[in-house]
There are 2 protein chains.
Amino acid sequence: MTYINLDQTSSFTALKTLHAQGQTSLFTQHCVKKNRIENTTLQFSYAGYLLPEAALNLFQTLSEEQCLIERYETLLSGKNVNYSENRPVLHHKTRSTDRGVYGDVQKRFSDFASDVRDGAIKSSTGKPFKHIVHIGIGGSELGPKAAYFGLYCWAKSEHIPVIPVHFLGNVDPDESYLVLEGLDVSETLFIFISKSGTTQETIANQAMVLQRLRDAGIRDTRKHIVHVTAKGSPMDNEDNCLICFHIDDAIGGRYSTTSAVGGVTLSLAFGPQVFEALLSGAFAQDQDALNPIVTENMAMLSALLTIWERNICGYSSRALIPYAQALAYFPAHLQQLDCESNGKQVNAFGQVLPYHTSPVIFGEPGTKSQHSFFQKLHQGTDVIPIQFIGFLRSQSPDDLQVQQKLNENLVAQMVALSMGQTHDDPNKTFQGKRPHSLLLADRLTPVTLGAILSFYENKIMFEGFLWNINSFDQEGVQLGKTLAQSAANHSGEHWPVLSAYLDLFRA
Amino acid sequence: MTYINLDQTSSFTALKTLHAQGQTSLFTQHCVKKNRIENTTLQFSYAGYLLPEAALNLFQTLSEEQCLIERYETLLSGKNVNYSENRPVLHHKTRSTDRGVYGDVQKRFSDFASDVRDGAIKSSTGKPFKHIVHIGIGGSELGPKAAYFGLYCWAKSEHIPVIPVHFLGNVDPDESYLVLEGLDVSETLFIFISKSGTTQETIANQAMVLQRLRDAGIRDTRKHIVHVTAKGSPMDNEDNCLICFHIDDAIGGRYSTTSAVGGVTLSLAFGPQVFEALLSGAFAQDQDALNPIVTENMAMLSALLTIWERNICGYSSRALIPYAQALAYFPAHLQQLDCESNGKQVNAFGQVLPYHTSPVIFGEPGTKSQHSFFQKLHQGTDVIPIQFIGFLRSQSPDDLQVQQKLNENLVAQMVALSMGQTHDDPNKTFQGKRPHSLLLADRLTPVTLGAILSFYENKIMFEGFLWNINSFDQEGVQLGKTLAQSAANHSGEHWPVLSAYLDLFRA
């Protein structure tokens with residue numbers, strides 16, 4: 001297996017030549033990949049890229065030149081593919097048929113969640129828990145939050161009892177005020193999530209929560225507290241909490257939704273079997289990603305389209321537009337997953353790359369975004385590719401007509417982006433040929449959501465392989481942490497500059 | 001007054017030459033503009049741009065060559081500066097000392113809001129209104145929502161009674177489920193906002209709300225409904241609602257937060273005097289924007305920095321990072337304000353522009369974003385300028401220590417972006433010199449929020465003047481609307497393509 005930069009492959013050069021020729025496919029040629037997952041179907045349409053036929057053949061060659069499947073298999077085998085940190089990348093294992101220690105942890109939090117939901121485990125005041133507050137930041141918040149809101153309406157419409165979850169991440173007094181306002185803490189279970197057990201935001205929020213519990217007259221505060229942390233961390237101590245679940249360094253925060261980080265909260269909220277269904281959807285999609293034929297592997301195909309738009313066409317951003325309000329928090333999760341994994345300028349061997357990596361990712365649900373930034377997507381001076389997510393049916397029942405209206409809008413946008421409009425008035429002209437793809441599922445269920453999560457995780461992994469970067473470290477966040485410490489301690493080489501800036505805050 | 005393209009000015013050419021010389025200022029030279037607004041201070045620091053001294057002089061010349069103040073004054077005078085739609089642009093008038101008809105409308109909704117808050121106006125069941133649902137999409141939702149959540153904690157900490165507001169925008173059955181779940185509609189006032197009175201999402205949601213009211217046994221449904229619409233629209237009919245307030249075509253949706261669109265809801269939620277304080281902050285900042293000296297006019301200066309980063313340095317996106325959870329919905333508002341105003345490729349005379357306009361705008365609050373996409377801001381292959389917003393004090397009382405932690409993080413990020421870090425390991429190297437600015441206020445109050453709203457509206461207006469575009473139309477959203485109609489009616493020239501795509505949704 002070779003590890004070479006993207007621009008050293010023959011197919012990349014050939015794709016550039018092909019692009020320069022300016023050919024496009026017919027719009028009516030529907031390029032759709034269908035994938036059966038359990039009793040549902042996930043479809044991926046890339047018709048909106050108007051790709052010449054030859055591009056797909058070159059994608060196939062590129063996938064082979066960059067050893068995409070071989071590298072994925074090496075990752076799955078548990079080798080230390082996170083080179084800079086010299087450790088394996090094991091998030092796929094949390095949903096595989098051989099879960100090992102992750103299965104043991106899942107068993108433990110499933111039992112715990114069932115006991116809480118049944119009322120067998122009660123609060124310090126003897127009442128059943130009526131609310132959950134999930135406290136973590138970054139990867140400990142974004143994925144679980146996207147998944148919780150992604151399934152909330154589904155669970156309600158399936159008459160599954162839901163323990164409502166409130167998310168608290170920031171070290172901002174106004175967020176904690178908003179989240180805790182009106183909550184009866186005596187009926188609330190607080191889940192604190194920090195792999196290191198030292199995340200400043202989470203530690204600060206823990207102190208605040210303990211104070212609130214004491215203010216409410218609760219003596220046995222530990223009965224309201226769950227820890228999710230690494231073995232041996234300062235938080236790994238069941239003297240301070242009701243129960244502690246372990247996570248480890250082989251699963252990055254942004255990939256931790258299918259680990260205990262997402263699992264504890266989702267199992268408490270919806271029941272362990274709902275979380276298990278999410279895992280089964282993710283596993284099925286992980287299997288699909290092993291297919292070496294690019295037109296039959298939607299995660300790999302989507303990654304290759306990223307290379308096309310980013311490195312061949314030169315577009316610098318991408319919009320993610322779910323036509324589903326339930327996925328309102330999904331773009332924020334994707335922002336982290338993508339930017340923290342692939343927002344890098346060196347390859348896996350520490351050499352500076354001569355090409356661009358991860359684009360800017362942003363998005364809001366449709367149709368809301370139509371009334372917001374779509375002006376720019378249609379008529380702005382930059383071409384901004386779009387990935388749409390759509391569903392045949394809503395989560396709530398009985399509103400087929402409204403769902404149809406939503407999807408008519410989605411289709412109208414895709415056609416407008418492709419076809420454009422000629423007009424005498426240049427202000428009413430739409431150039432068209434603006435690339436987009438569509439991920440389409442029957443309905444947003446736990447299985448579908450798991451599949452969509454896996455689709456994006458694997459797509460981003462393949463992009464990392466294509467760019468020859470390590471998608472699993474995050475050195476770019478370290479300097480800010482160090483300097484925040486310097487600012488707090490009035491120390492370090494940058495203290496004079498920090499101090500000058502801090503003066504502004506002493507007005 | 002001349003209307004020329006940006007690249008036809010002599011100062012633009014000179015700025016390009018200056019940039020090519022590669023000089024930067026000293027980082028320790030703090031470039032800060034202070035502005036007293038009533039009894040508070042707004043500061044704007046642009047030290048993070050590391051600009052050579054000469055750039056500021058050229059900014060001054062450019063502001064004169066593009067007649068920024070003269071064009072702003074022409075707009076304020078009520079002339080038809082929205083050329084393509086041949087009408088004036090009057091949102092500044094809603095907060096001026098001479099509000100005209102907008103003052104009459106404000107008086108009317110202030111009285112109404114006071115009566116609802118006092119309990120003089122009651123629901124159909126004789127109960128006071130305990131909840132408000134604000135129903136609109138795009139400009140009818142984003143600004144009011146950002147402002148409501150921007151002031152919520154402030155109002156609570158000031159012991160101002162708040163009627164909680166819930167926002168519903170999308171034509172998505174799952175959003176209406178989520179918003180209406182648990183609300184007692186017999187105690188709820190529904191505000192429907194649509195200038196045309198025909199917005200499909202708002203009309204669909206109105207039908208749904210009427211059904212809910214009837215299902216709850218309410219006969220006199222109009223007693224729960226307020227309309228905000230243009231005179232003569234299908235919604236301008238007090239037979240169908242408790243009261244109707246007028247808006248007009250001279251105020252674009254994205255600029256309507258200080259009109260009845262934001263005013264009705266904010267006055268109901270917090271009281272008319274809170275909305276009036278917001279207006280006074282916006283007006284004070286509107287006055288600041290009349291200052292012809294660029295270093296003393298922060299909206300104009302910020303617009304000129306956009307030209308520097310976008311058209312001189314060639315950066316294609318910008319992050320907006322408020323270190324304030326209360327501004328969590330502000331980036332979405334700014335996305336619309338910026339993209340819909342300036343995401344255009346023709347000038348005010350319909351000629352295609354030879355340079356880039358509005359960049360991609362995205363953002364999430366700090367510190368959350370530090371744990372999400374900051375990896376890319378520090379080490380990605382694209383330079384992404386950042387505008388930070390900070391506050392000396394939180395809205396909630398008594399948490400100075402936590403607020404200090406938040407601001408230490410903000411300062412640490414600014415210093416890391418400017419200074420970078422050299423390291424033997426390229427994976428731990430930060431190039432630094434990544435441009436950023438800071439808008440800093442004492443505390444997020446109604447006055448400050450009004451000033452911040454105005455700052456962005458005027459900044460975007462000046463950017464439009466600099467690019468020589470009409471920031472006040474939005475032709476780019478029309479084609480999608482037309483095609484959605486075609487999809488619904490199975491008609492029009494694009495029906496065959498629409499139909500092919502719709503087949504995907506009939507699986």
Side-chain angles (χ1 to χ4, degrees), chain A residues 137-138 153 169-175 177 316-317 325-326 335-336 339-340 343 345-346 350 356-357 360 362 368 371-373 375-376 378-381 394-396 399 402 405 407-409 411-413 415-416 421 426-428 430 474-476 479-480 483-484 487-488 497-498 501-502 505, chain B residues 137-138 153 169-175 177 316-317 325-326 335-336 339-340 343 345-346 350 356-357 360 362 368 371-373 375-376 378-381 394-396 399 402 405 407-409 411-413 415-416 421 426-428 430 474-476 479-480 483-484 487-488 497-498 501-502 505:
Chain A
I137 194 163
C153 279
N170 217 341
V171 57
D172 179 331
D174 298 333
E175 184 174 57
Y177 181 92
S316 60
S317 56
Q325 200 59 38
Q335 256 178 354
Q336 190 205 26
C339 300
E340 207 165 76
Q345 51 197 353
V346 299
H356 282 298
T357 58
V360 167
F362 70 105
K368 285 193 180 184
H371 295 262
S372 168
F373 52 78
Q375 161 72 38
K376 180 187 309 206
H378 287 292
Q379 289 191 322
T381 53
S394 66
Q395 295 185 318
S396 325
D399 267 315
V402 182
K405 209 174 270 301
N407 287 333
E408 284 165 1
N409 272 280
V411 165
Q413 291 300 325
V415 173
Q421 172 172 276
N427 199 27
K428 295 181 179 177
F430 295 70
Q474 54 282 323
E475 287 296 336
L479 181 57
L483 290 179
V497 184
L498 288 163
Y501 254 127
L502 282 168
F505 289 82
Chain B
I137 193 162
C153 279
N170 217 341
V171 57
D172 179 332
D174 298 333
E175 185 173 58
Y177 181 91
S316 59
S317 56
Q325 200 59 38
Q335 254 177 358
Q336 190 205 26
C339 299
E340 207 165 77
Q345 52 196 352
V346 298
H356 282 297
T357 59
V360 166
F362 69 105
K368 284 193 180 184
H371 295 262
S372 168
F373 52 78
Q375 161 71 39
K376 178 186 308 204
H378 287 292
Q379 289 191 323
T381 54
S394 66
Q395 294 185 318
S396 324
D399 268 313
V402 182
K405 209 175 270 300
N407 287 333
E408 284 165 1
N409 272 280
V411 166
Q413 292 299 326
V415 173
Q421 173 174 274
N427 198 26
K428 295 180 179 176
F430 294 71
Q474 54 282 320
E475 286 296 337
L479 181 57
L483 290 179
V497 184
L498 288 162
Y501 254 127
L502 281 169
F505 290 83

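Lettering of chains follows the sequences in order, A, B, ..., and the numbering in each one begins at 1.
A/His356 approaches B/Thr381 most closely through the heavy-atom pair ND1-OG1, 2.9 Å. Residues B/Gln345 and A/Gly380 approach most closely at OE1-O, 3.5 Å, considering heavy atoms. Taking both residues in full, the closest heavy atoms of B/Pro426 and A/Gly350 are given as CG-O, 2.8 Å, listed atom of the first, atom of the second, then distance. The nearest pair of heavy atoms linking A/Ala412 to B/Leu498 is CA-CD2, 3.9 Å. In terms of heavy atoms, B/Ser394 sits closest to A/Pro173 at CB-CG, 3.7 Å.
Remark: A/Ser316 engages A/Arg310, B/Ser316, B/Asp382 in a side chain to side chain contact (heavy atoms under 4.5 Å, CB included) (not counting sequence neighbours). Remark: B/Lys376 engages A/Cys339, A/Ser358, B/Ile384 in a side chain to side chain contact (heavy atoms under 4.5 Å, CB included) (not counting sequence neighbours).
The most heavy-atom pairs under 4.5 Å with chain B, out of A/Lys428, A/Lys405, A/Glu408, come from A/Glu408. The candidate from A/Asn407, A/Asn170, A/Val171, A/Asn409 with the greatest count of non-hydrogen atom pairs under 4.5 Å with chain B is A/Asn170. The residue among B/Ala416, B/Ser372, B/Ala487 with the most heavy atom pairs within less than 4.5 Å of chain A is B/Ser372. Of the listed residues (A/Val346, A/Asp174, A/Asp172, A/Val360), the one with the most heavy-atom contacts under 4.5 Å to chain B is A/Asp174. When A/Gln421, A/Gln474, A/His378, A/Gln395 are compared by the number of non-hydrogen pairs under 4.5 Å with chain B, A/Gln395 comes out ahead. Per-residue heavy-atom pair counts under 4.5 Å with chain A were compared for B/Gly138, B/Gly476, B/Gly169, and the maximum is reached by B/Gly476.
A/Thr357 touches chain B through backbone and side chain together, each having a heavy atom under 4.5 Å away. Both the backbone and the side chain of B/Phe373 come within contact range of chain A, judged by heavy atoms closer than 4.5 Å. Within the 4.5 angstrom heavy-atom criterion, only side-chain atoms of A/Gln413, from C-beta onward, approach chain B. Of the atoms belonging to A/Lys368, heavy atoms from both backbone and side chain fall under 4.5 Å from chain B. With a 4.5 angstrom heavy-atom cutoff, A/Phe430 touches chain B only via side-chain atoms.
Atom-to-atom distance recorded for A/Glu340:CD and A/Gln335:CD is 11.5 Å, nearest 0.5 angstrom.
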